[in-house]
S.K.: 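Handing you this structure, nothing more for now.
Read the numbers this way: they start at 1 and go in the same order the structure lists the ligands and their atoms. Below, each value reflects all heavy atoms present in this structure, side chains not excepted, and no hydrogens, waters or symmetry copies.
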Amino acid sequence: MANDLLDTFFDTGSADVIEEWCVPLPSAIFLSIMGLPQDDLPEFHAFVRAQLRPDRSLPRDVILEQMSAAADRLYAYFDKIYLDRTSQYSLGEDLIGWILASGDNGRITREEFLDVMYLLMMAGLDTVTASLGCILSYLARNPEHRRQLIEDPSLWPAAVEELMRFETPVQYAQRKADVDLPLPSGETIPADTLMYVSWSAANLDPDAFADPLEVNLTSVPIPTYRTRAAGIGA
Ligand code: HEM
């Protein structure tokens with residue numbers, strides 16, 4: 001799929017890689033593993049745009065209205081699939097079929113199905129687009145690393161890990177302290193505190209990585225400690 005998409009602009013010699021490769025590729029893969037028709041790609045793009053990349057120049061209530069309308073359309077889309085699949089003899093031999101069959105008694109509820117599909121769409125499309133964009137942008141700005149990968153493609157697995165660390169396409173997430181959390185600094189985060197946790201800061205932490213501001217494509221970076229402290233709930 002990645003190669004097929006490259007072929008669409010290969011002869012032109014240049015492309016807007018975000019629009020022409022990084023955006024369509026994850027959605028096309030998603031549709032393929034879900035067993036959904038590739039013709040539905042524009043609908044998926046419209047959803048991702050409205051939900052995650054709204055036009056910030058619009059008034060806030062208009063943005064919220066568009067996000068909500070996009071979510072309603074997506075729920076309606078997957079609701080139709082739920083009804084189609086569950087009315088047939090077999091749930092299907094693709095990821096949607098497996099998800100439908102994954103609940104208690106071999107079936108999940110309609111509501112669970114819709115929420116799982118919404119979560120996967122939110123989690124699995126724009127993250128990959130952003131990661132591809134960050135990595136390609138890094139390689140465009142750092143020709144010596146690009147050359148290193150072209151000369152030795154066996155470096156790719158380590159390079160993906162290292163560039164995901166260095167670029168951190170998802171910057172932060174929310175957490176709530178379930179219990180009092182003592183920090184290495186000696187301070188304590190009291191139980192029930194809502195926090196923003198910065199993945200990007202963790203990925204550049206000199207206590208975890210020997211040389212955090214250096215990009216090294218030849219070895220998989222392994223933090224010297226794991227930061228997941230007991231007592232941190234989602
Ligand atoms: C390179 C691409 C990706 C990045 C950078 C990424 C990043 C993340 C991060 C940072 C979280 C943790 C969020 C939190 O704890 O608050 C997360 C969770 C999650 N991601 Fe991804 N993700 C990627 C691809 C995907 C894909 C392709 C899927 C599925 C199609 C996916 C499904 C999920 C799900 C379901 C969760 C929630 C897990 C849980 O809470 O138990 N992600 N992702």
S.K.: Do Glu93 and Arg85 meet the salt-bridge criterion of a basic N to acidic O distance under 4.0 Å?
M.R.: no
S.K.: Do side-chain atoms of Thr168 reach the backbone of Val170 as a donor and acceptor pair under 3.5 angstrom?
M.R.: no
S.K.: Using a 4.0 Å heavy-atom threshold (strictly under), name the region of Ala123 that reaches ligand 1: side chain, backbone, both or neither.
M.R.: both
S.K.: My understanding is that we take every heavy atom of each candidate and find the minimum distance to atom 24 (C) of ligand 1. Doing that for Leu95, Thr127, Leu120, Val116, which one comes out nearest?
M.R.: Thr127
S.K.: Run the numbers for me: atoms of ligand 1, each under 4.0 Å from some heavy atom of Ala173, listed by number.
M.R.: 14 (C), 16 (O)
S.K.: If you measure every N or O of Trp199 against every N or O of ligand 1, does any of those distances drop under 3.5 Å?
M.R.: no
S.K.: Nearest heavy atom to atom 14 (C) of ligand 1 wins, so pick from Met122, Arg175, Met34, Met121.
M.R.: Arg175
S.K.: Can you list the ligand 1 atoms lying under 4.0 Å from a non-hydrogen atom of Ser131?
M.R.: 1 (C), 2 (C), 5 (C)
S.K.: Distance-only, no hydrogens or angles: does the Asn142 side chain make a donor-acceptor pair with backbone N or O of Glu144 under 3.5 Å?
M.R.: no
S.K.: Does Tyr138 have any ring-ring contact (aromatic ring centres under 6.0 Å, His included) partners at least two apart in sequence or in another chain, and if so, which?
M.R.: His145, Phe166
S.K.: With heavy atoms only and a cut-off of under 4.0 Å, state how Met164 meets ligand 1: side chain, backbone, both or neither.
M.R.: side chain
S.K.: Does one side chain, of Thr109 or Glu111, offer a donor that lies under 3.5 Å from an acceptor on the other?
M.R.: no
S.K.: Gln174: heavy atom below 4.0 Å from ligand 1, yes or no?
M.R.: no
S.K.: Using ring-ring contact (aromatic ring centres under 6.0 Å, His included) as the criterion, list what pairs up with Tyr75, not counting sequence neighbours.
M.R.: Tyr118
